[in-house]
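Following: one structure in structure tokens, then a few remarks.
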Amino acid sequence: MMRNPNVTVRSRGVMEKCTYCVQRISRHRIDAERENRKIEDLELQTACQQSCPAGAIVFGNINDPNSQVSRLKAKNRNYGLLEDLNTRPRTTYLAEIRNPPPES
Ligand code: SF4
């Protein structure tokens, strides 16, 4: 608690589930409410997203059809794990492009 008071820490051996940095989301939500505005797309980054040098992680509002994350989720390369079992995961992935056909 002394070093990171914003995040609860389980005891050793207990796995933490990703909260998408809920403490950051709360801080931005409070700031936006104080300023009477919506949280802008890409204004809020998770810690993993912020520290990824390749920009491989995108986080945003999937209810906003114009957000970057929604546009990426609309691509036909987008897939989630076990979607055929109707798991409807929030985290999805973009399939790798291998040997694309040449432009005709
Ligand atoms: S986005 Fe990364 S740092 Fe944030 S809660 Fe999830 S795993 Fe942890």
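For ligands, and for the atoms within them, numbers begin at 1 and follow the listed sequence. Atoms considered below: every heavy atom in the structure, side chains included; atoms not considered: hydrogens, waters and symmetry mates. Computed from a predicted model, the values in this text were never measured in an experiment.
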With heavy atoms under 4.0 Å as the rule, classify the contact between T46 and ligand 1 as side chain, backbone, both or neither.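 Just the side chain.
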
With heavy atoms and a 4.0 Å threshold, my read on which part of Y20 contacts ligand 1 is backbone

Answer yes or no for atom 8 (Fe) of ligand 1: protein heavy atom present at a distance under 4.0 Å? no

Let me confirm one number: the [atom1]-[atom2] distance from [X] to [Y], rounded to the nearest 0.5 Å.
| X | Y | atom1 | atom2 | result |
| --- | --- | --- | --- | --- |
| R71 | N78 | CZ | CG | 14.0 Å |
| L44 | R29 | CG | CZ | 9.5 Å |
| D84 | Y79 | CG | OH | 13.0 Å |
| F59 | R90 | CZ | CZ | 8.0 Å |
| S26 | H28 | OG | NE2 | 10.5 Å |

Report yes if some heavy atom in the side chain of L72 is under 4.5 Å from a heavy atom in the side chain of L94; otherwise report no.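 Yes, at least one pair of side-chain atoms sits under 4.5 Å.
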
Should you measure from each heavy atom of A47, which atoms of ligand 1 turn up under 4.0 Å away? 3 (S)

Does any N, O or S atom in C48 come within less than 2.8 Å of atom 2 (Fe) of ligand 1? yes

Do you see an N/O/S atom of C18, backbone or side chain, under 2.8 Å from atom 6 (Fe) of ligand 1?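 For C18, the answer is yes, given that an N, O or S atom comes within less than 2.8 Å of atom 6 (Fe) of ligand 1.
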
Where is the nearest protein heavy atom to atom 4 (Fe) of ligand 1: which residue, which atom, and how far?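 Nearest neighbour among protein heavy atoms for atom 4 (Fe) of ligand 1, to 0.1 Å: C21 SG, 2.3 Å.
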
